[in-house]
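Contents: one structure, followed by commentary.
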Amino acid sequence: MDSGTLAPREVYKWGFITGLGVVAGYVAVLLANARHFYTDDTESQYAPLWVMMGRRLRDGDFPMLVPEHWMAGNYTIEEAGLLNPPQLLIDVIAPSVDNLALYATVVKLIFAIVLGLGVYRICLAYGSRAPWAALAGVAIPFSGWLLFFDEASWMTAFTGTAWLAHAWASGVRYARGRSGPIPTFVFLYLAISVQYIFPAVEAGIMIAAVAVGELVHQRKWQPSLRLLAVAACAALAGLATYLPSMLSAKVTWRGTAQINNEQLLTVPWSESLNASLPSTLPAFTSWWGYVQPMPVVYIAWFVIPALAFVDWRKALDSARELTAPALFTAIVLMWTAGPGAIGPLRWPARVLPMVALGLLVLVCVLLGRFATFDDWRRRGLMAAGLIGLLWLRSVSAAPQEVVWHVVAALAVAALGAAVVWLARNRGAAAACALVLVSIFPIAYLQVWSAQPTPLGWNLPEQRSDMKAAFPDFPGTTLQLGDRALIPRAERTLDGAYGSLVFGNYAKDLELTYVSGYTPNGHFQFGEMLCMLWDTSVCPDAFRRAFAVEPTTGKTIVDLMKVDRVVLHTALFPGARNQPAPQGWKWVDYPGHEKYIAVLERENGLLSTVDGRISATDGVTATSLAESDTTSRVRVSSERGGRVVFARLAWPGYRVTLDGRDLPFQNVAKTFVAVDIPAGTQNAELELAWRPPGWQIGAASALAGLLGVGVLHWLYRRGRREDEPAPTPADESAEAELADAVR
């Protein structure tokens, strides 16, 4: 059986139920914690980034590089989704929304529905009945890791998973001749271009598994070859997303491509298979010790016990068709157990959503095709035994929660008994409806029991309130502070967040602060100021910032053209009582003295003078024009000299002098510098930055588009030559659903 045999009305009805179920689940989660989807990286990294990107896009600027953001300012290597059209739409809307928690929640709800419908489509593609496929679609957003990490915090991982699910469904349909190559290409490209490496690699594993699965199922190599060809086209189109990161890695924290078996967030198989007890608190090493405070390996309460109600004799007869989901699940399950880091791919627990995806597809397809309630007493005992094994594993991992594990096991058993009764007396649809509804209170209780979340920064929600409470800091500001020194009780707008910024919080305020949230920081710049990924610094940062760079005779803050230095008083107690450095003065900001001491330049803003020229030696230099990516300067030098720019030395710069290429250097392994030849008179110096590899990326994208065009032409020609004209009865309802989703 495949989805083409389902009536369109049935497919649409259960597709609508899938979307409605995801909405109901979100309501349940929000009742437990209204900020659940606005926490950790969402509040500190993504939402502020959307605001900044949206403002610049509205101004007609494509923000590839923002020099004044320094370590976090190269957005071609950050998780910005610069080449992902849906992400750009999110960015453009963001500045119009005052409540960022509300906006993030709505955006994530949309992607949760997209993900749910994607999993629904996968199950239909493998022949599941619609009610069981809908059950998988509703369950996936409320599986443990997705609910507590990817949806709550790591937005790009979540969106990548949503697009990957649709790529999987479309890939199966294309390999089986029920769809053209374009949907697979589009969804794969969207998964790749979220600008987060995990979905790209996971999509590659998925395509490989589907290609092998279709070869086993169809016993022909041509369908798998076509699928691999369209995946190659999508990879070519998405190459431009990752080339800048690959070619800039040598200057970042991610410069080493090592394989390490570190234990942080490496999940033993015994834990990742403990998928059906809602109370489970797995045991593996994370930031919170060994026993986790959240049920991050949970998938759905029915996944393991339901295996007792599969007619395995019939299932084994169709095992070839399910090779792909079985192979995919096995591969990602092995990955969760290590190694701990494979180059930029660190923390294998991040792959747990793929385990949930694979198991939900397998189980719900098996149930949708081979569920049986004959000999229900014997099968019930088998299910009880499986629940007992889950209980033992959960007690072993977190014995202090033994009472809750007992309650959870009894609840799962009771739900299972009710589902079996409904299936025998009211039919599969009624049983699926009960399972679907049971997802919501479980999600509520899991989120409620994990409060207060250990992930939250507790950043404010309303941008208008943030800007009203914060000092007005024009120009470029360097903050030297340590987020760890803020007591949890003072992480409020009336407390520290009215004076200090960490992560990308300054972007919410529409202020220009040095650095921000970055997992890909510039190594030498970070070393120079001992600055971390969240902008926190060490106690020596003040000395380093005002240290004199010997080749220029200027301080680091002068070379950066910083206008203001904000000192976190908890990190620098008594700083306000010390004399200000030469050329600087202490400035009072009433109401903010508890948290900050502020130094400003005596002669006003430096960042507005002479463009980004920060030092000259033996050269007369006058700024002609400035943009984020280009500096044009009129230079003269009788004996030769040097111009230093307030620009971080990212790979990708090119220098010309009156149109002739000129080499460039760096100062303190950080600042871009250009040596001007002797005898130069009124010449035009142009310093221009482009993402490294952009020409290769553009050519690759064009090749990918041309390739998928050829594949689509071959597909259309093959349909005309080899297939009779379809009748309305032969049309696939699931294809119509896919079109509606797209």
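Values reported hereafter were calculated over all heavy atoms of this structure, with side chains retained and with hydrogens, waters and symmetry mates removed. Index from 1, following the sequence.
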Using the test salt bridge (charged side-chain N to carboxylate O under 4.0 Å, His left out), find all partners of Glu43 that sit at least two apart in sequence or belong to another chain. Arg35
For residues 349-358, pull every pair meeting salt bridge (Lys or Arg N to Asp or Glu O under 4.0 Å), keeping only residues two or more places apart or in separate chains. none
Output all residues satisfying salt bridge (charged side-chain N to carboxylate O under 4.0 Å, His left out) with Asp40, sequence neighbours left out; order by chain, then residue number. none
Ala133: what forms a side chain to side chain contact (heavy atoms under 4.5 Å, CB included) with it, not counting sequence neighbours? Tyr120, Cys123, Leu124, Ser128
Short side-chain to backbone donor-acceptor contact, Asn504 and Pro48, under 3.5 Å: no
In chain order, what residues pass the salt bridge (charged side-chain N to carboxylate O under 4.0 Å, His left out) check against Glu214, with sequence neighbours excluded? Arg176
In chain order, what residues pass the side-chain hydrogen bond (donor to acceptor under 3.5 Å, both in side chains) check against Trp163, with sequence neighbours excluded? none
Mind checking salt bridge (charged side-chain N to carboxylate O under 4.0 Å, His left out) for Arg483 and listing every partner two or more places apart, or none if nothing turns up? Asp534
Walk me through whether Asn274 and Thr280 qualify under side-chain hydrogen bond (donor to acceptor under 3.5 Å, both in side chains). CA-CA 7 Å; Asn274 191 10; Thr280 184; 2.9 Å; yes
Could you go step by step and tell me if Phe187 and Trp168 meet the ring-ring contact (aromatic ring centres under 6.0 Å, His included) rule? CA-CA 9 Å; Phe187 288 127; Trp168 187 341; over 10 Å; no
Applying side chain to side chain contact (heavy atoms under 4.5 Å, CB included), can you list everything that pairs with Ala397, at least two apart in sequence or on another chain? Glu271, Ala283, Arg393
Which pairs of donor and acceptor atoms, one on a side chain in residues 20-32, lie under 3.5 Å apart (sequence neighbours left out)?
residue : atom : partner : partner atom : Å
Tyr26   : OH   : Lys108  : O            : 3.2
Tyr26   : OH   : Glu151  : OE2          : 2.7

Restricting to pairs with a member in residues 189-208, which pass ring-ring contact (aromatic ring centres under 6.0 Å, His included), not counting sequence neighbours? Tyr196-Phe198, Phe198-Trp335
Pair up each side-chain donor or acceptor in residues 401-414 with any protein partner under 3.5 Å, not counting sequence neighbours, and list the distances.
residue : atom : partner : partner atom : Å
His405  : ND1  : Ser279  : OG           : 2.7
His405  : NE2  : Ser394  : O            : 3.3
His405  : NE2  : Ala398  : O            : 3.3

Donor-acceptor list for residues 287-297 side chains, cut-off 3.5 Å, not counting sequence neighbours:
residue : atom : partner : partner atom : Å
Gln292  : OE1  : Ser286  : OG           : 2.4
Gln292  : NE2  : Phe284  : O            : 2.5
Gln292  : NE2  : Ser286  : OG           : 3.3
Gln292  : NE2  : Gly289  : O            : 3.3
Gln292  : NE2  : Tyr290  : O            : 3.0

